[in-house]
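Sequence positions, counted from 1, serve as the residue numbers for this chain.
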Amino acid sequence: MVVSTHYTSILSNMSRPAYQVATLPPEVPRQPFVDVFRFNDELDMLEYRLRLMSPMVDTFAVVECDVTDSGAPKPLHAHQLLMSRAASVSPGRTLRLKLSGGVATGLITEVRLREPAAKVLLLNLSVRSIDVAKHTKHTPAFSRELVIRKFMTRFVGESFPQSRVFVSDVDELLDPGFDAASFRQHRPCMRPRLRHFWFGEHCVKVSPDGKASKGWTQPLIVDTGSPWFEHIRRKLSVLRYDSSGAWGPGDYTQECWAPPEMMGWHFSYAMDTTRMMEKLTGFGASDDAHVRRFVNGTSAQVRRWIEEKVSACTHFFTSTGLAYRHTPYDGQLPALKGWPRHPLAPTS
C-alpha cells in the first residue's frame with residue numbers, strides 16, 4: 001500500500017515527544033533489546049514487523065504453537081517461511097515446562113535471516129498433551145492460550161537474562177522512530193501506549209462521546225535483570241497487562257507504568273475475511289459468547305457480516321464503549337510502507 005502525501009507530510013514534519021530523547025546514565029550498561037511475540041498465521045504482519053522493527057531489535061523470538069487455542073492442529077507457518085529465508089541455522093534446543101494438566105515442550109532454533117538481516121529464535125511449542133480441563137477457572141480455548149503465555153514467561157526468563165524484552169502479539173508494533181533508550185528506562189516494566197486501529201489505518205477506536213482512545217496498553221517491556229521480573233518468573237505470571245485480573249494475579253499494578261506518549265500501533269484484524277473467520281473460530285476469543293453469536297450462521301452469512309462491518313469501520317460486537325471513527329489519532333502511521341490491512345477497509 002502507498003502512503004498518501006497527507007500522511008507522509010505529517011510523518012516528516014512531526015517532532016517526536018521529549019520522551020523519545022531519554023538517555024541512560026553512562027554507568028548503566030546497555031541491555032539487549034529483544035522482541036518476543038506470539039504468532040498464529042498472520043504471515044504478512046510477521047514480515048511487516050520484522051522489517052519495521054529490525055533497526056531497534058537485537059533478537060526476535062517468534063512463539064508459534066502446533067495447535068490453535070481451540071485445539072485444532074495447525075501448520076508451523078512462521079517456521080516454514082523463515083527457515084526458507086535462513087542464511088544460517090544453529091542447532092536447536094528443547095525447553096519443557098510442567099503445568100497443571102501436563103507438560104508443554106518447545107523446540108528453540110536460532111536462525112539468521114538474509115532479508116531483513118536479523119537474528120530470530122523460532123520457538124515451536126507443543127501443548128497437545130496438556131489437559132486444559134484442569135484449568136477449570138477458564139474456558140478451554142482461553143486456558144490453552146494461558147498455557148502458551150505462561151510458557152512464554154518461562155522462555156523469556158531462560159533465554160534473555162539482563163535484557164529489555166518486549167512481550168506482545170504479532171500485531172502490536174513499536175515505533176522505531178523513538179530513540180532506543182526510550183524503551184530502556186529504569187523501571188522494571190513498561191506498558192507502551194499503542195494507537196489502536198481495526199481493519200486498516202482509518203478505523204480508530206474512540207469513546208462514545210467521540211474522544212480518541214488513550215491507547216492500547218496490554219503488551220509489556222520488561223527488565224529481565226530486575227527483582228520484579230524474578231518474582232514474575234518464579235510465579236509464572238503471564239506477561240500481559242489486564243486490569244481485570246483475568247491474565248494473572250495483578251503483579252503489574254504498581255511496577256508497570258504507561259508513558260503518556262503513543263509509542264507504536266496495534267493493528268487488530270488487519271487481515272482478509274478468510275483469516276478473520278479462522279481467528280474468530282480458532283483462537284482465544286472463540287469461546288466467548290459474543291463471538292459465538294457473531295459467527296452463528298452459514299459461512300457465506302458470516303463473510304457478509306464481516307465485510308459489512310469492515311467497510312463501515314464498525315466493531316464486530318457492538319456494545320457500549322466500542323465506537324469507531326474514520327480519523328486516525330494524530331495522523332501518524334508507520335513510515336514503512338505496506339502495513340497490513342483488510343482490502344475492504346476505508347482508505348480515506
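In the hydrophobic clustering of ILVMFWY residues, with side-chain heavy atoms under 4.5 Å counting as a link, Leu122 and Val89 come out together. No chain of hydrophobic side-chain contacts below 4.5 Å, direct or via other Ile, Leu, Val, Met, Phe, Trp or Tyr residues, connects Val103 to Leu125. Following chains of ILVMFWY side-chain contacts shorter than 4.5 Å, one can reach Val57 starting from Phe178, so the two form part of one hydrophobic cluster. Under the 4.5 Å side-chain heavy-atom criterion for ILVMFWY residues, a single connected hydrophobic cluster contains both Leu52 and Leu333. One hydrophobic cluster, built from ILVMFWY side chains closer than 4.5 Å, holds both Trp198 and Met277.
You'll find the side chain of Pro192 stays beyond 4.5 Å of the side chain of Thr217, heavy atoms only. Inter-residue side-chain proximity for Asp66 and Asn124 is flagged as unmet; no heavy-atom pair is nearer than 4.5 Å. Residues Met276 and Phe199 meet the side-chain proximity criterion, which asks for heavy atoms closer than 4.5 Å. Residues Pro219 and Arg240 form a side-chain contact, since some pair of their non-hydrogen atoms from C-beta on lies under 4.5 Å apart. Using a 4.5 Å heavy-atom threshold, the side chains of Leu194 and Leu173 count as separate. The closest side-chain heavy-atom distance from His266 to Asp171 is below 4.5 Å. Side chains of Met271 and Pro340 form no contact here, defined as non-hydrogen atoms less than 4.5 Å apart. Residues Glu278 and Thr274 form a side-chain contact, since some pair of their non-hydrogen atoms from C-beta on lies under 4.5 Å apart.
How far CZ of Phe39 is from CZ of Phe60: 14.0 Å, rounded to the nearest 0.5 Å. Note that CG of Asn40 is 12.0 Å distant from CE of Met45, once rounded to the nearest 0.5 Å. How far CZ of Phe33 is from CZ of Phe160: 12.0 Å, rounded to the nearest 0.5 Å. The CD atom of Gln80 sits 9.0 Å away from the CG atom of Leu43 when rounded to the nearest 0.5 Å. Distance check, rounded to the nearest 0.5 Å: CG of Asp223 to OG of Ser163 gives 8.5 Å. In this structure, Thr224 OG1 and Leu239 CG are separated by 10.5 Å, a value rounded to the nearest 0.5 Å.
Of the possible polar contacts, one joining the Arg193 side chain to the Pro259 backbone as a donor-acceptor pair under 3.5 Å is found. Formation of a donor-acceptor pair under 3.5 Å by the Glu145 side chain with backbone atoms of Asp69 is not found in this model. Proximity of a side-chain donor or acceptor of Glu158 to a complementary backbone N or O of Phe155 within less than 3.5 Å is not detected. Proximity of a side-chain donor or acceptor of His202 to a complementary backbone N or O of Thr347 within less than 3.5 Å is detected.
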List the atom pairs, donor and acceptor, that lie under 3.5 Å between side-chain atoms in residues 105-120 and the rest of the protein, sequence neighbours left out.
| from | atom 1 | to | atom 2 | distance (Å) |
| --- | --- | --- | --- | --- |
| Arg114 | NH1 | Ala86 | O | 2.9 |
| Arg114 | NH2 | Ser84 | O | 3.3 |

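Taking every heavy atom of both residues into account, Pro188 and Ser226 meet most closely at CB-OG, 3.4 Å. The two residues Thr153 and Ser237 come nearest to each other via the heavy atoms OG1-O, 2.7 Å. Nearest approach of Ser159 to Arg93, heavy atoms of both residues: OG-NH2, 2.9 Å.
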Exercise for review: Using the side-chain contact (heavy atoms from CB on, under 4.5 Å) rule, take Asp58 and Val34 through it: C-alpha gap first, then chi angles, then the decisive distance, then the call.
Suggested key: CA-CA 6 Å; Asp58 295 290; Val34 181; 5.5 Å; no
Check your understanding: Could you walk me through whether Phe37 and Glu172 pass the side-chain contact (heavy atoms from CB on, under 4.5 Å) check?
Key -> CA-CA 9 Å; Phe37 55 93; Glu172 296 163 338; over 6 Å; no
Practice item. Might you work through the side-chain contact (heavy atoms from CB on, under 4.5 Å) test for Val62 and Leu121, ending with a clear yes or no? Key: CA-CA 6 Å; Val62 186; Leu121 293 187; over 6 Å; no
Check your understanding: Yes or no on side-chain contact (heavy atoms from CB on, under 4.5 Å) for Ile232 and Val222, after CA distance, side-chain angles and deciding distance?
Key -> CA-CA 10 Å; Ile232 295 297; Val222 298; over 6 Å; no
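Donor-acceptor pairing under 3.5 Å is recorded for the side chains of Thr273 and Glu307. For the residue pair Asp41/His77, the side-chain donor-acceptor check at 3.5 Å is not satisfied. Counting only N and O atoms by type, the side chains of Ser268 and His196 include a donor and acceptor under 3.5 Å apart.
Checking each of Arg149, Arg38, Lys279 against Asp169 for a salt bridge (charged side-chain N to carboxylate O under 4.0 Å, His left out) leaves exactly one that passes, namely Arg149. Exactly one residue among Phe267, Trp265, Trp216, Trp339 makes a ring pair (Phe, Tyr, Trp, His ring centres under 6.0 Å) with Phe197. That residue is Phe267.
Applying the side-chain hydrogen bond (donor to acceptor under 3.5 Å, both in side chains) test to every pair with at least one member in residues 45-56, sequence neighbours left out, gives these pairs: Asp35-Arg49, Glu47-Arg85, Arg49-Ser168.
The number of heavy-atom neighbours closer than 6.0 Å to CZ of Arg304, taken from other residues, nucleotides and ligands shown, is above 12.
Between Asp44 and Arg341 there is no salt bridge, since no side-chain N of the basic residue sits under 4.0 Å from a carboxylate O of the acidic one. The pair Glu64-Lys74 counts as a salt bridge, with a side-chain nitrogen and a carboxylate oxygen less than 4.0 angstrom apart.
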